[in-house]
Amino acid sequence: MIITFGKIYFYWIYNIMRIQSINTNFSYIVSKKNSPSFGSTDRFYVREDGKEIGNNTWLFREDLPWHELAEFEIGHFKDKEKVNIIQFASSDGSEGYTKIISLLENPKRKNVDKFFPIQAYDIDNYIVHKAQGGEIALSERDFYRLANNSISLSKYFSRIATSYDDYLYDVYRRDILSEKQAVTLPGNFNVSDNLRDKIVFQLGDMFEILPKIKDNSNTILMCRNILGYFADNDAKIEEFVQTAGKVLKRGSLFTIGKIDTTFTNIESLLNKNNFLKMMNNVFLKI
């Protein structure tokens with residue numbers, strides 16, 4: 001069998017990309033200070049108070065039952081004319097887009113326009129600007145999670161190809177796949193207008209925004225995998241939860257993540273402040 005240089009070179013490049021992708025998405029907790037780290041956007045920034053924060057995340061993050069939650073929300077807020085989704089630590093938009101897709105793809109095909117646009121905040125100007133640009137980096141694991149949730153990649157994302165990417169794609173298709181097969185390589189993607197017009201990315205500090213929320217029992221507060229970074233400051237976490245308990249009225253929802261439950265006693269704090277656990281990482285104000 002003759003193996004061409006191009007084929008060997010591609011195998012080397014492609015496997016490096018694949019290994020990096022897998023390592024990135026499965027590095028759940030990585031830090032010299034036991035701070036949590038995430039998946040697709042390997043970046044940390046430092047707050048004014050010196051706290052080091054990572055803004056990595058990925059599509060259909062496994063610590064929420066996304067589709068079941070969407071069904072619950074549609075039924076729970078059926079009598080509300082408008083539902084306000086507020087997301088803190090929005091990062092590159094992966095979780096916001098997942099939220100939108102979950103609602104749009106609800107099995108009963110209910111109209112969900114009243115849930116949009118999501119108001120998404122992050123304190124990192126760089127990541128906010130990146131999200132506002134409508135581009136996102138997707139890995140093989142993102143492809144897998146979309147497929148595992150019966151979501152068509154091409155329906156919501158289109159690959160931004162470069163001449164180098166085209167070369168890799170052509171080699172891969174020619175040497176590995178049959179002519180009838182197709183492949184999508186990891187890389188940068190354009191986000192569809194159908195997602196972009198349903199979320200507003202903006203700069204904002206959740207500790208400053210939370211007390212200003214005007215709720216009418218119609219709010220979904222997404223504060224996922226961020227309070228875990230403050231595990232060394234129990235008072236700050238407790239103050240945040242207490243404020244949420246005052247601001248959110250009966251019937252509104254508060255969602256958190258695995259990082260928060262792993263590194264803090266947030267579930268106990270939510271219970272003390274009149275939040276009832278409805279499903280994994282989802283709490284109802286009562």
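These figures come from a predicted structure and were not determined experimentally.
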Does atom CZ of R109 have more than 12 heavy-atom neighbours from other groups under 6.0 Å away? yes

Closest approach of [X] to [Y] (non-hydrogen atoms, all atoms of both residues):
X: I220; Y: V83; value: CD1-CG1, 3.9 Å
X: A137; Y: N188; value: CB-OD1, 3.7 Å
X: K198; Y: L104; value: CE-CD2, 3.9 Å
X: L203; Y: V128; value: N-CG1, 4.0 Å
X: R224; Y: I256; value: NH1-O, 2.5 Å
X: I286; Y: L276; value: CG2-CB, 3.9 Å

Any non-hydrogen side-chain atom of [X] less than 4.5 Å from a side-chain atom of [Y]?
X: K99; Y: Q87; result: no
X: C223; Y: M206; result: yes
X: L210; Y: L221; result: yes

Given R145, which partner from the list E140, E62, E95 fulfils the salt bridge (Lys or Arg N to Asp or Glu O under 4.0 Å) test? E62

Kindly indicate, with the supporting measurements, whether the criterion side chain to side chain donor-acceptor pair (under 3.5 Å) is fulfilled by T261 and E267. CA-CA 7 Å; T261 58; E267 289 203 41; 5.0 Å; no

Do the two ring centres, one from [X] and one from [Y], sit under 6.0 Å apart?
X: Y156; Y: Y97; result: no
X: F207; Y: F230; result: yes
X: H67; Y: F60; result: yes

In this structure, would F115 and M279 fall into the same cluster of hydrophobic residues linked by side-chain contacts under 4.5 Å? yes

Taking N225 for its side chain and K258 for its backbone only, find out whether a donor-acceptor pair lies under 3.5 Å. yes

Donor-acceptor contact below 3.5 Å, side chain S217 vs main chain G251: no

Tell me whether the NZ or CZ atom of K285 lies within the 45° cone about the ring axis of F254 and under 6.0 Å from its centre. no

Scan side-chain atoms only and decide if [X] and [Y] contain a donor-acceptor pair under the 3.5 Å cut-off.
X: N84; Y: D215; result: no
X: D260; Y: T264; result: no
X: N194; Y: S192; result: no
X: N265; Y: S268; result: no

Look at the rings of F157 and F189 and say which category their plane angle falls in: under 30° parallel, 30 to 60° tilted, over 60° perpendicular. perpendicular

In sequence, state the C-alpha distance, the side-chain angles, and the governing distance for Q119 and Q202, and then conclude on side chain to side chain donor-acceptor pair (under 3.5 Å). CA-CA 8 Å; Q119 300 299 316; Q202 49 207 308; 2.8 Å; yes

